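Here, residue 1 is the first one in the sequence, and each next residue gets the next number. Worth saying up front: this structure is predicted, and the values here are computed from it rather than measured. Atom set for the values below is all heavy atoms of this structure, side chains included, hydrogens, waters and symmetry mates excluded.
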Amino acid sequence: MTHQRGFQRGPESARRLASAGGQLLAGADDTHGRYTLIRATSPPGDSTPLHRHTAMDESFYVLTGSYTVTCGDDQFEVSAGEFVHLPAGLPHKVEAGRTGGEKLILGHPAGLERFFAEWDAGADDVHELGRRHGIEFLE
C-alpha cells in the first residue's frame, strides 16, 4: 500500500505554467494520476484553438471575469461562480471575455500539466506535442 499524505500549495510554492497562463496547484505526481488542477489567468479576448482531448475530461470553474465556451454544437457564456464540463472527445474552445478572467482548470485523469510544461520548454510543433499528450488541434 502506498503511503499517501495531504498537501497544501499556494502561489509561492505552485509551479508556473506560462503557456497555461498560470500555476500548477496539483498534478499527476501529487494526485497519483487522478487529476490536474491549474489556476489560470486569461487576458481579454485570449482564446484556445478548437481542440479535443482523446481521454481526458476538462472542466473549469470561473473565479473572475467571463468566457465564451464552445463544446461540440453548444455554446455557453460563463462568468464568475459558474462551472463548465467538457467531456473527452468533444471539440471545444474557450475565449476570455472583454475583461479577461481567471479560472480553475481541472483535467481528469491527470497529465495536462505535462503538455504545458513541454510547451514552456520550447516544443517546436504544438500539433505533434498535442498528439503525444492526447490532444488533437482542429484549427
Side-chain angles (χ1 to χ4, degrees):
M1 175 182 233
T2 303
H3 180 70
Q4 296 185 40
R5 297 187 67 173
F7 67 94
Q8 171 270 334
R9 187 160 295 135
E12 297 80 29
S13 59
R15 187 171 93 205
R16 177 96 177 112
L17 293 174
S19 57
Q23 300 170 310
L24 176 64
L25 299 175
D29 294 339
D30 304 310
T31 67
H32 299 278
R34 292 181 182 100
Y35 66 90
T36 294
L37 184 64
I38 298 168
R39 185 174 187 149
T41 302
S42 306
D46 188 46
S47 180
T48 65
L50 185 66
H51 65 284
R52 70 174 142 229
H53 303 271
T54 57
M56 183 193 81
D57 287 345
E58 183 177 2
S59 301
F60 65 88
Y61 179 80
V62 179
L63 298 169
T64 64
S66 64
Y67 294 86
T68 299
V69 180
T70 302
C71 180
D73 293 333
D74 298 312
Q75 189 170 70
F76 310 105
E77 300 294 330
V78 295
S79 57
E82 294 186 296
F83 175 83
V84 175
H85 179 71
L86 309 168
L90 283 180
H92 60 276
K93 73 185 286 181
V94 179
E95 182 176 353
R98 62 179 177 76
T99 62
E102 186 175 22
K103 62 188 179 295
L104 293 174
I105 303 168
L106 178 69
H108 179 275
L112 183 59
E113 75 277 14
R114 294 176 181 144
F115 167 83
F116 288 119
E118 282 190 47
W119 193 1
D120 287 349
D124 292 331
D125 183 345
V126 72
H127 291 274
E128 176 54 33
L129 176 63
R131 279 191 284 282
R132 288 198 314 270
H133 291 277
I135 302 169
E136 180 186 6
F137 290 97
L138 304 169
E139 52 179 37

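No side-chain heavy atom of Y61 sits under 4.5 Å from any side-chain heavy atom of K103. In this structure the side chain of P91 reaches within 4.5 angstrom of the side chain of R52, judged on heavy atoms. Looking at D57 and L106, their side chains never come closer than 4.5 Å, going by heavy atoms from C-beta outward. With contacts defined as side-chain heavy-atom distances shorter than 4.5 Å, the pair I135/L129 does not qualify. You'll find the side chain of L104 stays beyond 4.5 Å of the side chain of I38, heavy atoms only. Here the side chains of R9 and D30 are in contact, with some heavy-atom distance below 4.5 Å.
For R34, there are no side chain to side chain donor-acceptor pair (under 3.5 Å) partners, not counting sequence neighbours. The side chain to side chain contact (heavy atoms under 4.5 Å, CB included) test applied to H127 returns D125, R131, F137, not counting sequence neighbours. Applying the side chain to side chain contact (heavy atoms under 4.5 Å, CB included) rule to Q23 yields the partners P11, A14; only residues at least two apart in sequence or on another chain are considered. Residues forming a salt bridge (Lys or Arg N to Asp or Glu O under 4.0 Å) with D124 (at least two apart in sequence, or on another chain): none. Remark: S19 pairs with D120 by the side chain to side chain donor-acceptor pair (under 3.5 Å) rule, at least two apart or across chains. Under the side chain to side chain contact (heavy atoms under 4.5 Å, CB included) criterion, T41 pairs with E102, sequence neighbours left out. Residues passing the side chain to side chain donor-acceptor pair (under 3.5 Å) test with Q75, sequence neighbours excluded: T70. The side chain to side chain donor-acceptor pair (under 3.5 Å) check on T68 picks up E77, with sequence neighbours excluded. The side chain to side chain contact (heavy atoms under 4.5 Å, CB included) test applied to T99 returns no partner, not counting sequence neighbours.
The two residues T31 and A26 come nearest to each other via the heavy atoms CG2-CB, 4.0 Å. Nearest approach of V69 to L86, heavy atoms of both residues: CG1-CD2, 3.8 Å. Closest non-hydrogen pair, F60 versus I105, comes out as CB-CA, 4.0 Å. Heavy-atom minimum distance, L25 versus F7: O-CE1, 3.6 Å. Taking both residues in full, the closest heavy atoms of A55 and A88 are given as C-CB, 3.9 Å, listed atom of the first, atom of the second, then distance. The minimum heavy-atom distance between Q8 and S13, with the atom names listed, is O-OG, 4.5 Å.
Note: S42 OG to E95 CD = 10.5 Å, rounded to the nearest 0.5 Å.
Residue L138 shares its hydrophobic cluster (ILVMFWY side chains chained together at separations under 4.5 Å) with L50.
Side chain of E82 to backbone of S79: a donor-acceptor contact under 3.5 angstrom is found.
Screening residues 74-102 for ring-ring contact (aromatic ring centres under 6.0 Å, His included) gives H51-H92, H53-H92 as the qualifying pairs, with residues at least two apart or on separate chains. For residues 105-114, every residue pair satisfying the side chain to side chain donor-acceptor pair (under 3.5 Å) rule, not counting sequence neighbours, is listed here: T36-E113.
One hydrophobic cluster holds both L63 and L37 under the rule that ILVMFWY side chains link at heavy-atom gaps under 4.5 Å.
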